[in-house]
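No experiment lies behind these values; they were computed from the predicted model shown. All chains are named by letter (A, B, ...) in the order of the sequence lines, taking the proteins before the strands, and each is independently numbered beginning at 1.
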There are 2 protein chains.
Amino acid sequence: MANIHDVAKAAGVSISTVSYALSGKRSIGEETRRRIADAVRELGYRPNAGARMLASTRTNIFAVTAPLHSGTYEPAHMAFVLAVTRAARAYDYDVLLLTEDEATKGLRRVAASRLVDGVIVLDVSKDDERTKLLRELDIPAVVIGIPDDTEELVCVDLDFRAAAEQSVRRLADLGHRRIGLLGHPEQIYARGSNFPHRFRAGFLDAASALGVDAAFAMPGHGPVGVRAALDELFEKQPDMTGLVLNCEEPIQASVLDILADRGVRVPEDLSVISACSSFDTTRFHPPLDVIPLVAAETCVRAVELVVEQIAGAEGPHVELVPPHYSEHGSTAPVPDLRDAR
Amino acid sequence: MANIHDVAKAAGVSISTVSYALSGKRSIGEETRRRIADAVRELGYRPNAGARMLASTRTNIFAVTAPLHSGTYEPAHMAFVLAVTRAARAYDYDVLLLTEDEATKGLRRVAASRLVDGVIVLDVSKDDERTKLLRELDIPAVVIGIPDDTEELVCVDLDFRAAAEQSVRRLADLGHRRIGLLGHPEQIYARGSNFPHRFRAGFLDAASALGVDAAFAMPGHGPVGVRAALDELFEKQPDMTGLVLNCEEPIQASVLDILADRGVRVPEDLSVISACSSFDTTRFHPPLDVIPLVAAETCVRAVELVVEQIAGAEGPHVELVPPHYSEHGSTAPVPDLRDAR
DNA sequence: CTGAAAGCGCTTACAG
DNA sequence: CTGAAAGCGCTTACAG
């Protein structure tokens, strides 16, 4: 392995000139630059990562901490890990993955050993032990998701409350007065994931603000559990004409199967909105109106915020990414209104 | 941040003694050890990762390279990433995640800069560009999966051929003489994933060796595509009595739905085996006999093999993890045999 | 059982 | 525009 001395010798310059030529931190003569570039290429030189870390006090590594306990639905979380990793590369950062019990223990470890320049926190619960740790750790960090206590933290996430409000408003604007929310399975709320609570709260608040009657139910396991939750909603509101789905893909697919089985037409009999979904709802039958949960936008912003902190800017604050509603034909004016015409 | 000099001063010893006390690489006096331990605790000392890398030429980081292109079914791949990460921690290694186009570019980068001590290659295709790169790179590496050309490589994987053979033998032993294999969607084979090919080849070879007629079909998209593939199998062999599923969870679930719809009883009318599945087949109705694809065992072995290479042992070779058949009541003697009793 | 010192390969003031 | 040198914080022969 060639080192910086080999390059300097081959190019006939000092090692500092090589270093500056590579970092671009000072201007280099045309001829010198060329000779260095040639030497680097011929020797296949790459700066040694450890030496660089030690000398520069930068590692160019982020920790991504994500418990990813088996209960979490992986495709959605995986999308965030990938999106963060891709966004990090745009700033020349690599990503170290801390999962399961290492999500907390490893965070302490890599922060204390200065293995990483910053931290991105995924899959945060309402009362997440990592947020407390971050406050002691004094390392640039961004939380994706909004825990209950955001003090001293930089947080960024899709605005789930606004997304819920948008869904309700959409239905209300179409004249619906009895609507339902099919949420995530009970365990998700119990474990304290932050966003399902935010969505549900936003949904109920918006409904009451807009004078719409709202019911809420959580699916049990498998198609049977989904059926039970739907039954619960229709029992609470027999004349329910609008349904918002805030749950994972298999459950939403199951809902559409069950509705089809029962001859409930979407949107003629029931308007359905898929809210904060990280998958493609246009492949459903019928395609569903959706407020997408786009990992990319949030993760790019999160990486930007860590980078800014590393550069010394940015104080603690919460940043909400606005949701966007996409129509795909699964909502329509409330049936009896049309009948009344 | 306290450094090793602070600890040495506080403990009244030299920095080399601190270093040795922490690494355990030479014996330390009882009293000295205690004073160092106290100083470390009081100062919250953690060795600086960059300094350690530079001095020791070890980084204690593995690269995990996994393209994870959107077509891959994430839960299965995620399980491998998690299993490798967990296994790596047992040897005090962290994991750097290289995905998408970085799976190859990043591999070159982190190897050349000595950011990682070793590499674990996931999601390898039959003709994977990373295998060629590994041969030039001269870095300890283990491939999980078996590419077409394994020269100079260390590879480890579940023995998919043996798993296929076990499935066929199981059915043959029960008297089945017409069996089918429902594989992965066509794109998976086309993209060159290595294991579906190995399974299919093993299946067809075993069938012909055991004198069993075998048909193969690939599901299209969604329940409709699965239905078509099943139709294809039953068309090719109207008297098919055994079915092996080597595909992802949603497809297997769909198969069982369709069979139930058609009144095909499992196992009375059709024996079904779920082969090389990384999910829980006992939650299906009915629970399926399964040869599990356990990420843990393969990944633990992969990490061991990298660690051994780093230590200087281990030449290139291919290691196959033997499959294990679990009965859950979805196979039975062939129907006409029982009727004939 | 312990210490003084070299050295890992960079970056970055300092100097010209 | 370029160089000589200090220094980042460790590990590990070398020596006793």
Asker: Looking only at N and O atoms, is any donor in the side chain of A:Y20 or the base of C:dA13 less than 3.5 Å from an acceptor on the other one?
Answerer: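 Per atom types, the contact qualifies.
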
Asker: Any side-chain heavy atom of A:I144 sitting closer than 4.5 Å to one from A:V156?
Answerer: yes

Asker: For C:dC1, does either OP1 or OP2 sit under 4.0 Å from a side-chain N or O belonging to B:R26?
Answerer: no

Asker: Starting the side chain at C-beta, find the nucleotide from D:dG9, C:dT2, D:dG3 nearest to B:T17.
Answerer: C:dT2

Asker: Considering heavy-atom distances to DNA chain C, does B:S56 or B:E30 have its closest nucleotide positioned more toward the 5' end?
Answerer: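 The answer here is B:E30.
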
Asker: Does C:dG16 have a Watson-Crick or wobble partner in any strand here, with both distances under 3.5 angstrom, and which is it?
Answerer: D:dC1

Asker: Would you call A:R41 and A:D38 a salt bridge, taking side-chain N to carboxylate O under 4.0 Å as the test?
Answerer: yes

Asker: Using a strict threshold of under 4.0 Å (side-chain N to carboxylate O), is an ion pair present between A:D149 and A:R135?
Answerer: yes

Asker: At under 4.0 Å, does any side-chain N or O of B:S14 touch on OP1 or OP2 of C:dG3?
Answerer: yes

Asker: Categorize A:I15 for me: base, sugar-phosphate, or nothing, with a 4.0 angstrom heavy-atom threshold over every strand shown.
Answerer: base

Asker: Looking at C:dA4, does its base get a donor-acceptor pair with the side chain of B:S16 below 3.5 Å?
Answerer: yes

Asker: Out of A:R198, A:K132, A:K126, which one pairs with A:D148 under the salt bridge (charged side-chain N to carboxylate O under 4.0 Å, His left out) rule?
Answerer: A:K126

Asker: Taking the side chain of B:T32 as its heavy atoms from C-beta onward, which of D:dC10, C:dC1, D:dT12 lies nearest to it?
Answerer: C:dC1

Asker: B:A55 has a side chain; which of C:dC8, C:dC10, D:dG3 sits nearest to it?
Answerer: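 Nearest nucleotide to the side chain: C:dC8.
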
Asker: Can you figure out which of D:dG9, C:dT2, D:dT12 approaches the side chain of B:N3 most closely?
Answerer: D:dG9

Asker: With nearest nucleotide decided by heavy atoms, which residue, B:K25 or B:G50, maps closer to the 5′ end of DNA chain D?
Answerer: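 So the residue in question is B:G50.
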
Asker: Output yes when at least one side-chain N/O atom of A:S19 is less than 4.0 Å from OP1 or OP2 of C:dC10, else no.
Answerer: no

